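All values derive from a computational prediction rather than experimental measurement.
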Amino acid sequence: MAIALLGTRTGVVTSFDDHRGLGTIADDEGTVFDFHCAAIADGTRTIEVDARVRFAVVAGHLGRWEAGEITPA
């Protein structure tokens with residue numbers, strides 16, 4: 001489980017590539033965060049574009065902030 005360092009936010013899934021398992025979420029302030037399908041909390045490994053979500057901002061593998069612990073909002 002990732003540690004939320006910048007708190008929990010809400011936003012919208014702006015892109016998701018099922019084949020690669022990578023996507024982006026724009027929070028309500030417009031900041032965009034990348035995520036991997038492993039960050040989807042229910043374990044489904046897929047999510048719809050335009051889905052409203054709640055997520056934690058966590059330290060990513062490449063030294064950037066990423067979305068983690070993604071759940072429906």
Side-chain angles (χ1 to χ4, degrees):
M1 174 191 277
I3 298 172
L5 299 175
L6 294 179
T8 302
R9 299 181 186 204
T10 56
V12 175
V13 176
T14 55
S15 70
F16 186 72
D17 181 332
D18 280 319
H19 179 71
R20 294 175 52 207
L22 301 174
T24 57
I25 295 173
D27 71 6
D28 292 336
E29 287 78 40
T31 305
V32 176
F33 297 92
D34 296 326
F35 72 93
H36 183 265
C37 63
I40 302 170
D42 67 5
T44 60
R45 308 289 253 193
T46 189
I47 195 165
E48 295 293 322
V49 172
D50 295 327
R52 185 112 179 107
V53 294
R54 181 175 314 280
F55 63 97
V57 178
V58 300
H61 299 288
L62 299 175
R64 295 182 225 149
W65 298 113
E66 295 180 358
E69 303 171 24
I70 302 166
T71 59

Between Thr24 and Ser15 the two heavy atoms that sit nearest each other are OG1-OG, 2.7 Å

| message | Using the rule that Ile, Leu, Val, Met, Phe, Trp and Tyr join whenever any side-chain heavy atoms are under 4.5 Å apart, tell me whether Trp65 and Ile70 fall into a single cluster. | response | yes

Shortest non-hydrogen pair, Glu48 vs Val13, comes out as O-CB, 3.6 Å

Note to self: When you group the ILVMFWY residues by side-chain heavy-atom contacts below 4.5 Å and let the links chain together, are Ile47 and Leu22 in the same group?
What the structure shows: no

Taking the ring centre of each residue, are Phe55 and Phe33 less than 6.0 Å apart? yes

Nearest heavy-atom contact between Ala67 and Ala39 is O-CB, 3.6 Å

What one should report as the nearest heavy-atom pair of Arg45 and Ile40 is C-CD1, 4.0 Å

Thr14 and Ile25 have their tightest heavy-atom pair at OG1-N, 4.1 Å

To the nearest 0.5 Å, atom NE2 of His36 lies from atom CD of Glu66 at 9.5 Å

For Ala41 and Glu69, the nearest pair of non-hydrogen atoms, with its separation, is CB-C, 4.3 Å

